[in-house]
Chemist: 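Please find one structure pasted underneath; my questions will follow.
Source: prediction; values computed, not measured. For the single chain, residues carry numbers from 1 onward in sequence order. Note that ligands are numbered from 1 as they come in the structure, with each ligand's atoms numbered from 1 the same way.
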Amino acid sequence: MIRIVASMLTADLADLGGEVRRLEAAGIDGIHWDVMDGIAVPSLTFGPAVIASARPHATVPFEAHLMIRDPDDLIERVAAAGCTTALVHPDMLSHPWRTCERIREAGMRVGVTLSPGIPLEDARWLLPLTDVLMIMTVEPGFGGQAYLTAMEAKVAEARRLLDGFEGEWELEIDGGVGPGTIAGAHGAGARTFVVGSALWRAGSFGEALEACRAACAD
Ligand code: DX5
Ligand code: ZN
């Protein structure tokens, strides 16, 4: 069973309500909000107020990918905006354990996210607080980048690491995922996929989702 969540970076930002409605109608499993501060990563995107504006237009889960230096003060507002998962990067945090605790205290699932150059070891001691381990298959900061096939070895290593422990973790990948790349990551052990530009590049959201699901079924 796989889950596909839509990154909204490539969406029509002037019609986010319509976009999430259409994505849900097409069968998306969740909405992935790339919250960027222009400091931890080069881009500046949207925050809790924008997420909250889209919340009434869909029933699927919202997750916030926080590419922010020390996002602690935003966590409560991201939860209040209707997100049920917050994904953070340990290398962007002064106190990773504490930030993950605050995400839990806000009633959200904790996602620990590793950029391409960050070792799996950086997630190891956060696993007791982790619900989702997300492996970036692009350098964070922009949509529409090329998928890094080299990260499939890291996904496979993450799968082995997680299978070595008691407990259930969602293994997610993010960046450059589409019908032509998803099979490799699925084969390496990922089961949740963030798809952004590939959804808007296809003839329709349904077509892109169907192609991604078929590529994983093969
Ligand atoms: C990149 C973001 C990703 C990205 C996914 O920093 O975290 O979520 O926008 O979009 P695509 O699928 O276009 O790479
Ligand atoms: Zn993302």
Side-chain angles (χ1 to χ4, degrees), residues 2-13 16 19-20 23 26 28-48 50-51 54 60-69 71 74 78 81 83-92 103 108-118 123 131-152 154-155 170-186 190 192-202 205 207-209 211-213 215-216:
I2 68 165
R3 289 182 66 238
I4 299 177
V5 298
S7 159
M8 299 304 281
L9 272 192
T10 316
D12 174 2
L13 301 183
L16 285 173
E19 292 279 57
V20 296
L23 283 162
I28 204 78
D29 296 305
I31 303 292
H32 177 94
W33 297 95
D34 288 304
V35 184
M36 300 180 186
D37 64 2
I39 298 166
V41 292
S43 303
L44 185 61
T45 59
F46 27 66
V50 171
I51 297 171
V60 292
F62 281 11
E63 62 186 44
H65 179 187
L66 302 178
M67 288 160 275
I68 296 173
R69 179 132 323 275
L74 261 185
V78 163
C83 291
T84 47
T85 303
L87 300 135
V88 289
H89 290 245
D91 55 301
M92 297 177 187
I103 292 172
M108 295 190 285
R109 296 192 313 153
V110 173
V112 171
T113 308
L114 302 176
S115 296
I118 302 299
D131 302 296
V132 184
L133 180 58
M134 186 159 85
I135 307 293
M136 294 299 296
T137 40
V138 295
E139 193 66 56
F142 301 93
Q145 299 178 81
Y147 172 86
L148 296 174
T149 313
M151 290 300 118
E152 289 176 4
K154 190 175 178 184
V155 173
E170 199 171 345
L171 183 51
E172 182 168 1
I173 65 160
D174 183 12
V177 180
T181 57
I182 193 169
H186 182 263
T192 301
F193 305 89
V194 179
V195 181
S197 47
L199 284 165
W200 278 268
R201 262 200 314 267
F205 291 148
E207 190 186 301
L209 286 171
C212 284
R213 291 200 170 108
C216 292

Chemist: What are the atom names and distances for all N or O pairs under 3.5 Å between ligand 1 and the protein?
Modeler:
| residue | atom | partner | partner atom | Å |
| --- | --- | --- | --- | --- |
| ligand 1 | 6 (O) | G141 | N | 2.8 |
| ligand 1 | 7 (O) | D34 | OD1 | 2.9 |
| ligand 1 | 7 (O) | H65 | ND1 | 3.1 |
| ligand 1 | 7 (O) | D174 | OD2 | 3.0 |
| ligand 1 | 8 (O) | H32 | NE2 | 3.4 |
| ligand 1 | 8 (O) | D34 | OD1 | 3.1 |
| ligand 1 | 8 (O) | D34 | OD2 | 2.9 |
| ligand 1 | 8 (O) | D174 | OD1 | 2.6 |
| ligand 1 | 8 (O) | D174 | OD2 | 3.1 |
| ligand 1 | 9 (O) | S7 | OG | 3.1 |
| ligand 1 | 9 (O) | D34 | OD2 | 3.3 |
| ligand 1 | 12 (O) | G196 | N | 2.8 |
| ligand 1 | 13 (O) | G144 | N | 2.8 |
| ligand 1 | 13 (O) | S197 | N | 2.9 |
| ligand 1 | 13 (O) | S197 | OG | 2.5 |
| ligand 1 | 14 (O) | G176 | N | 2.8 |

Chemist: Is F193 close to R213 at the side-chain level, that is, under 4.5 Å between some pair of heavy atoms?
Modeler: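 Side-chain contact under 4.5 Å: no.
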Chemist: Could you grab the angle centred on the Zn ion (ligand 2), going from OD2 in D174 to ND1 in H65, to 10°?
Modeler: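 Output for this angle: 90°, rounded to tens.
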Chemist: If you compare all heavy atoms of L87 against all heavy atoms of V132, which two are closest, and at what distance to 0.1 Å?
Modeler: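 Nearest heavy atoms, L87 then V132: CD2-CG1, 4.1 Å.
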Chemist: Counting N and O atoms only, with roles assigned by atom type, does the side chain of S43 sit under 3.5 Å from a partner on the main chain of G141, one being a donor and the other an acceptor?
Modeler: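 Checked: pair present.
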Chemist: Can you check the angle at the Zn ion (ligand 2) formed by OD1 of D34 and NE2 of H32? Round it to the nearest 10°.
Modeler: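 Nearest ten degrees: 90°.
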Chemist: What's the spacing between L44 CG and D37 CG if we round to 0.5 Å?
Modeler: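 Going from the CG atom of L44 to the CG atom of D37 covers 7.5 Å.
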Chemist: Answer with yes or no whether the side chains of D34 and T45 bring together a donor and an acceptor at under 3.5 Å.
Modeler: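 Not at all, the side chains of T45 and D34 share no donor-acceptor pair under 3.5 Å.
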Chemist: How many angstroms lie between atom CG of D131 and atom CD1 of I103, to the nearest 0.5 angstrom?
Modeler: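 Output value for this atom pair is 9.5 Å.
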Chemist: Tell me if a side-chain donor or acceptor on E63 pairs with a main-chain N or O of T85 at a distance below 3.5 Å.
Modeler: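 No: the side chain of E63 does not pair with the backbone of T85.
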